[in-house]
**Student:** 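One structure is given below, represented as structure tokens, and several questions about it will come after.
In what follows, chains are A, B, ... by sequence order, proteins preceding strands, each numbered from 1. Because the structure is predicted, anything quoted here is derived from the model rather than measured.
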Protein chains: 2
Amino acid sequence: MPETETPAPETPAPEPPPRPKKAKSEQTRALILETAMRLFQERGYDKTTMRAIASEAGVSVGNAYYYYEGKEFLIQGFYDRMTHEHATEARARMAGKTDFAERLQIALDSWVDCAAPYHEFAAQFFRTAADPNSALSPFSNESHPARATAVQIFREVLDGSELGPKLDAELDELLPDLLWLHLMVVVLYWVFDRTEDTERTRAFVKRCAPFVAKIVALSRYRVFRPLVRDATDMIQEFVLPTIGKTAVGKTAVGKAAVGKAAVGKTAGGKPGRRS
Amino acid sequence: MPETETPAPETPAPEPPPRPKKAKSEQTRALILETAMRLFQERGYDKTTMRAIASEAGVSVGNAYYYYEGKEFLIQGFYDRMTHEHATEARARMAGKTDFAERLQIALDSWVDCAAPYHEFAAQFFRTAADPNSALSPFSNESHPARATAVQIFREVLDGSELGPKLDAELDELLPDLLWLHLMVVVLYWVFDRTEDTERTRAFVKRCAPFVAKIVALSRYRVFRPLVRDATDMIQEFVLPTIGKTAVGKTAVGKAAVGKAAVGKTAGGKPGRRS
DNA sequence: CGCAAGATTTGAACGCGTTCAAATAACTCC
DNA sequence: GGAGTTATTTGAACGCGTTCAAATCTTGCG
């Protein structure tokens, strides 16, 4: 199982600090993040004030800012955690299935399920995530680790599928990223979805999966070649460069190239930004 | 609409109010909006405080809130103005052209040109526009008028084109909305574009237009029929209902005959032939 | 005119995210 | 241990968007 990265500040194991005094600050950092995430879940993003987070965590508000540059940076914890959950869930559910459409739908359904608890205030996240200047943008470099994990899931969706004759090489290489983009569309749809239990999004996904599979299947036929060519070229030239390095297997095929766990730190190394 | 510019906040009466005594409040409302838009352009959205707007307009901050529910509602002015500018510009530039790809590219280029002055703080607009709860969302009912205008432009793009044999009826009806969605994608691309003068977006548009035209042209062929069918059905079922009423014909919103004849409303009597 | 009932306008006040100089704790090297 | 340096923590303060009770202006009507 190619674990690409582990969400950094998660420390579910409540270990007493007998020896590691050095980890004192990391403990505070984690405490703040955990408190924030709990309050976000309880009250929503907007209703959760920095003062409340600090107070609940038993620290001062200034201290929260010592570890996190701003309120929005606390969302990254959610982002990372959900991505990880989604990956685990999707892998488990896909096991044994070999039909591409089915695997794709499972992957997308898993996302909707994992995200469900946060739907009511997802819009509040989305607002800041939509800011191109924000580190939370799904295209930003800061969210690269989570994006890489998600793309990897779709690579596995493909790898586990019996797709028949091989596809156009370029398209084949692009597909994981394209499917991730498809997920982004689903996310957009989901955020705007106001139906009970986001039923509409679920129906949308159910409808999309076979459609996408059909397109992929048809892409092999001669008549579609020029279109596929055009599309892949366009995406390669205009879309992929805009999303921070996703390291599509071009250089050293994906699987092996992900050994660099160094990126795992979302909040950066040392918080010293004052002189 | 460049009406009366009142750059001097000291002289309150550039024109005597002989008759419109009732319009006093509308005058204040307009003054606030104009001031806000000027400051947005000068300093950007975030840097323009409500206090500054009120101060520059010579009213109290509370008064601004009497006329506008919040800061974000002042953006709507921009939105509407730009939409109008874009429509005028696009119509002028399209005049005489009959090639679909060319007309489409003109329409999109016009948008990029009209939006150019605001690019540096477009992200700040975009952030609030991305909130599904916001009235500024391009899908919201509040922005329906602007959206209708934009969709109309794309209807004219089609009406003025020589598209050859008639298209699938369903697709034909959907196309204006689809092209508007395409514009939304371009907008998304533009917002994230950091190149000089958004050159990348311009290249993207240049590349997209013929591609879209090709897809439309190919959609007529037998082989593509199932795909087109699937796509149009999906869009009709899942996409269009989520964007507030677009009011296809504005008069007869019949599902059947589709009042294509009644569209010439703002077209300006250019009866481009398509059949 | 007088005067009650809106419509409009005001500015202080609230709660928020964020900043910062200063206080305190922890660590290093002699 | 102690002096010097760095890491962490504090809470008051700033500027912001927004709210609201009260003040002021307009209007309709006897």
Side-chain angles (χ1 to χ4, degrees), chain A residues 9 17 19-33 35-36 39-40 43-76 121 124-125 127-128 131 133-136 267-275, chain B residues 9 12 17 19-33 35-36 39-40 43-76 121 124-125 127-128 131 133-136:
Chain A
R19 284 161 277 157
K21 287 185 175 181
K22 193 61 167 57
K24 172 66 191 313
S25 80
E26 286 311 311
Q27 207 171 311
T28 306
R29 158 180 261 122
L31 172 63
I32 291 169
L33 181 60
T35 306
L39 294 186
F40 286 163
R43 325 176 179 176
Y45 181 70
D46 287 345
K47 297 289 233 337
T48 302
T49 71
M50 288 300 285
R51 285 168 177 83
I53 294 171
S55 166
E56 283 275 319
V59 300
S60 72
V61 53
N63 203 7
Y65 279 91
Y66 180 74
Y67 287 104
Y68 297 93
E69 286 185 44
K71 192 182 177 186
E72 57 168 322
F73 282 75
L74 287 165
I75 306 183
Q76 196 87 34
F121 53 91
Q124 297 161 1
F125 285 3
R127 192 198 318 138
T128 83
D131 189 339
N133 302 319
S134 165
L136 262 100
K270 288 299 182 179
R273 67 190 180 293
R274 49 185 77 188
S275 54
Chain B
R19 298 196 254 130
K21 288 183 179 178
K22 196 59 165 36
K24 172 65 191 312
S25 79
E26 286 312 312
Q27 209 170 310
T28 306
R29 160 179 260 118
L31 173 63
I32 291 169
L33 181 59
T35 306
L39 293 185
F40 286 163
R43 326 176 177 177
Y45 181 70
D46 286 346
K47 297 288 231 341
T48 301
T49 72
M50 288 300 284
R51 285 167 176 83
I53 295 171
S55 166
E56 283 276 319
V59 300
S60 72
V61 53
N63 202 7
Y65 279 91
Y66 181 74
Y67 287 104
Y68 297 93
E69 286 184 46
K71 193 182 177 185
E72 59 169 321
F73 282 75
L74 288 165
I75 306 183
Q76 196 86 32
F121 53 91
Q124 296 161 1
F125 286 3
R127 191 197 320 139
T128 83
D131 189 340
N133 302 318
S134 166
L136 263 101

**Student:** Taking the six-membered ring for Trp, are the ring centroids of F121(A) and F40(A) within less than 6.0 Å of each other?
**Tutor:**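 No, too far apart.
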**Student:** Where is the tightest heavy-atom contact between T128(B) and I75(B), given as atom of each residue plus distance?
**Tutor:**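 Scanning both residues, the minimum pair turns out to be OG1-CD1, 3.9 Å.
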**Student:** Answer yes or no: does a side-chain N or O of T28(A) lie under 4.0 Å from OP1 or OP2 of dT9(D)?
**Tutor:**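 Affirmative; the distance criterion is met.
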**Student:** Spell out protein contact along nucleotides 11-18 of chain C as letters: B when the base is contacted, S when just the sugar-phosphate is, - when no protein heavy atom is under 4.0 Å; keep the 5' to 3' order.
**Tutor:** B-B--BBB
**Student:** With no hydrogens and no angle check, is any side-chain donor or acceptor of T28(B) less than 3.5 Å from a backbone partner on K24(B)?
**Tutor:**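 At least one qualifying donor-acceptor pair exists.
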**Student:** Quick one: salt bridge (Lys or Arg N to Asp or Glu O under 4.0 Å) pairs with a partner in residues 43-59 of chain A, sequence neighbours left out?
**Tutor:**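 Sorted result for residues 43-59 of chain A: R38(A)-E56(A), D46(A)-R127(A).
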**Student:** Please determine if a side-chain N or O atom of Y66(A) lies less than 4.0 Å away from the OP1 or OP2 oxygen of dT19(C).
**Tutor:**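 Looking at the OP1 and OP2 atoms of dT19(C), neither is under 4.0 Å from any side-chain N or O of Y66(A).
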**Student:** Classify the nucleic acid contact of Y68(B) as base, sugar-phosphate or nothing, counting any heavy atom under 4.0 Å across all strands shown.
**Tutor:**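 The answer is nothing, as Y68(B) stays clear of every strand by at least 4.0 Å.
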**Student:** Taking side-chain hydrogen bond (donor to acceptor under 3.5 Å, both in side chains) as the cut-off, I'd like each qualifying pair that reaches into residues 59-76 of chain B, sequence neighbours left out, listed once.
**Tutor:**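 Residue pairs with at least one partner in residues 59-76 of chain B: E72(B)-S134(B).
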